[in-house]
Novice: 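Before anything else, here's the structure in question.
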Amino acid sequence: MKVKTQVYRIDSGKPSEKAVNAASEAIIDGKLVVFPTETVYGIGANAFSDAACREIYIVKGRAPDNPLIVHVYGIEEALRLGRFRNRDICALEKVWPGPLTVIVNGRGVLPDSVTAGLDSVAIRCPDSSFIRKVMKKTALPIAAPSANISTKPSSTKGEHAIGYFKGKVPVIIDGGESDYGIESTVLDLRSFRVLRPGAFTVEQIEHAFGRKPILGRLAEGSRSAATMISPGTKYRHYSPEKPLFVYEGGIGSINGILGKFAGRAAFIGSDESCRLLRGSQVKTISLGPSRSIRKRVHRMFGSLIELDSMDVSFGVIESFPKDGIGYAAMNRLKKASDHRSFKDSEGLQKLVRNI
Ligand code: AMP
Ligand code: MG
């Protein structure tokens, strides 16, 4: 069904009252709102409304067994939804608001459409002025997954979210670019295991909680890991329409390898790596300077969306360093590429033959 969408453009640091009021009214009315957060854009509803949360699944095309993250104003609100140990509350006081989602046992106050019937709940306190104002005004927790159609790359700019949801939800808030451009980290506080690496790094978890989290194959992005712990991890994710391959070899060889595919391939990488392809017919998408890993990760999802609009038959993306926020980016790339990576010319030829 076609919905009339009102788009509000805001300064994400100082959102207009008009936009806050429109979003708050929609949430109270049981409607959906697409809004910016510091990680990526979210598509949110009143977390206590079963009907509104069901609508999120329909609009996103999301599998019904993939639970939603509930956004709260602060620790006090979190304590009403889930059961926390005192030492974890102390750590979260240092971390929130911020890009860390935690899984705890629920108190049974949220509808099954939020938790997908699990006895656990995922909770995060976002550091984004707009959604904080809406939560304060409505005094409601907001269930919100990332604002993308399921399987597609997440929205890191208003225009991405508008592209996905115009005509499908009544209110879209365009706050420009998200700060991080990658989703929150999901940490299960019961097992102290990272279920999804994200904007809050493993190093930051260790610093805040005083111990190292368990990483394991789920955090690495493995397909075969124990997916029942976090149902969402078993689905195809973050994928452009065009086949994507991750380049894990030495960057000095990139021209020699991709030259043969001029006209067919697009390369996504650092400014410096893209410069190596100057003079060849290979199209490039520059993510930013090689030294600025945060900037490059920030533009990653946007580059996957851009790849789909290019007249090429596949994309090749340069891998990221495997620590800090690069660890989270590699988790997304493994899924976006369906675990297809190569190190040399032969490896790429094999992948291209199978497209
Ligand atoms: P997104 O769809 O981007 O909002 O991601 C939310 C992630 O959190 C998905 O991978 C979900 O499977 C995961 N998640 C949400 N609630 C739970 C939960 N109760 N237990 C484990 N994982 C969860
Ligand atoms: Mg998502």
Side-chain angles (χ1 to χ4, degrees), residues 32 34-45 47 53 56-57 59-72 78 81-84 99-124 126 131 141-156 160-161 164-165 178 180-200 213-214 216 218-219 221-223 225-239 300-301 304-305 328-329 331-332 334-336:
L32 305 190
V34 169
F35 58 89
T37 82
E38 80 274 32
T39 55
V40 298
Y41 275 68
I43 174 166
C53 292
I56 294 179
Y57 288 80
V59 168
K60 276 196 61 144
R62 187 180 179 92
D65 65 348
N66 186 6
L68 309 179
I69 293 174
V70 182
H71 295 72
V72 295
L81 307 177
R83 297 173 197 279
F84 292 78
L100 179 69
T101 297
V102 293
I103 309 287
V104 292
N105 285 327
R107 292 191 182 277
V109 293
L110 291 163
D112 277 358
S113 50
V114 170
T115 59
L118 299 175
D119 52 14
S120 58
V121 57
I123 306 178
R124 165 165 121 83
I131 198 60
I142 294 182
S146 52
N148 52 287
I149 303 296
S150 278
T151 78
K152 296 276 184 279
S154 302
S155 300
T156 58
H160 301 151
Y164 287 133
F165 293 111
S178 314
Y180 290 97
I182 195 160
E183 297 85 350
S184 63
T185 301
V186 179
L187 174 67
D188 192 333
L189 283 179
R190 301 163 309 169
S191 57
F192 212 60
R193 180 186 289 270
V194 172
L195 303 185
R196 173 179 78 181
F200 198 77
I214 301 167
L218 198 58
S222 163
R223 264 184 298 209
T227 49
M228 284 325 286
I229 312 174
S230 190
T233 53
K234 71 172 173 277
Y235 294 107
R236 193 167 154 235
H237 251 101
Y238 318 113
S239 314
M300 177 184 69
F301 281 130
L304 302 185
I305 293 171
N331 165 290
R332 307 300 187 272
K334 281 181 195 166
K335 295 177 184 201

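Values below: all heavy atoms of this structure, side chains included; hydrogens, waters and symmetry mates excluded. Predicted model, so just to flag it, every value in this text is computed and none were measured. Counting starts at 1 for both ligands and their atoms, following the listed order.
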Novice: Do F35 and Y41 have ring centres separated by under 6.0 Å?
Specialist: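 For F35 and Y41, the ring centres are not under 6.0 Å apart.
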
Novice: Are a donor atom and an acceptor atom from the side chains of T101 and R196 found within less than 3.5 Å of each other?
Specialist: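 Distance-only check fails for T101 and R196.
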
Novice: If I apply the N/O under 3.5 Å rule, does K60 come out as touching ligand 1?
Specialist: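 In this structure, K60 places no N or O atom under 3.5 Å from an N or O of ligand 1.
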
Novice: I want to know if ligand 1 touches S146 in the polar sense, i.e. an N/O pair below 3.5 angstrom.
Specialist: yes

Novice: In ligand 1, which numbered atoms sit nearer than 4.0 Å to a non-hydrogen atom of R196?
Specialist: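 This gives 1 (P), 3 (O), 5 (O), 6 (C), 7 (C) as the contact atoms.
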
Novice: State the atoms of ligand 1, each with its element, that fall below the 4.0 Å cut-off from a heavy-atom position in S120.
Specialist: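 Near S120, meaning under 4.0 Å from one of its heavy atoms, ligand 1 has 18 (C), 19 (N), 20 (N).
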
Novice: Using a strict 4.0 Å cut-off to heavy atoms of L118, name the atoms of ligand 1 that fall inside it.
Specialist: 18 (C), 19 (N), 20 (N)

Novice: Does the D188 side chain pair with the main chain of F192, one donor and one acceptor, at a distance under 3.5 Å?
Specialist: no

Novice: In this structure, which one of L189, V104, L110 forms a side chain to side chain contact (heavy atoms under 4.5 Å, CB included) with I123?
Specialist: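 Result for side chain to side chain contact (heavy atoms under 4.5 Å, CB included) with I123: V104.
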
Novice: Would you mind listing which atoms of ligand 1 come within a distance below 4.0 Å of any non-hydrogen atom of I103?
Specialist: 17 (C), 18 (C), 20 (N), 21 (C), 22 (N), 23 (C)

Novice: Can you list the residues that meet the side-chain hydrogen bond (donor to acceptor under 3.5 Å, both in side chains) rule with S113, with sequence neighbours excluded?
Specialist: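 side-chain hydrogen bond (donor to acceptor under 3.5 Å, both in side chains) check on S113 returns D50.
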
Novice: To the nearest 0.5 Å, how far apart are CG in L304 and OG1 in T156?
Specialist: 9.5 Å

Novice: Show the atoms of ligand 1 that are less than 4.0 angstrom away from any heavy atom in P145.
Specialist: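 Heavy-atom distances to P145 below 4.0 Å select 2 (O), 4 (O).
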
Novice: Run the salt-bridge test on K335 and E183 with the 4.0 Å N-O cut-off and return the result as yes or no.
Specialist: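 No, no charged N to carboxylate O under 4.0 Å.
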
Novice: When you check the space around the Mg ion (ligand 2), which protein N, O or S atoms turn up under 2.8 Å?
Specialist: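 Result, waters dropped: S146 OG.
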
Novice: Quick one: does T115 get a heavy atom under 4.0 Å from ligand 1?
Specialist: no

Novice: Counting from 1, what ligand 1 atoms have a heavy atom of N66 closer than 4.0 Å?
Specialist: 9 (C), 11 (C), 12 (O)

Novice: Verify, without hydrogens or angle tests, whether H71 (side chain) and I142 (backbone) share a donor-acceptor contact under 3.5 angstrom.
Specialist: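 Looks like yes, one N/O pair under 3.5 Å.
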
Novice: Mark yes or no for whether Y57, through its side chain, and N66, through its backbone, hold a donor-acceptor pair below 3.5 Å.
Specialist: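 Yes, Y57 side chain to N66 backbone: donor-acceptor pair under 3.5 Å.
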
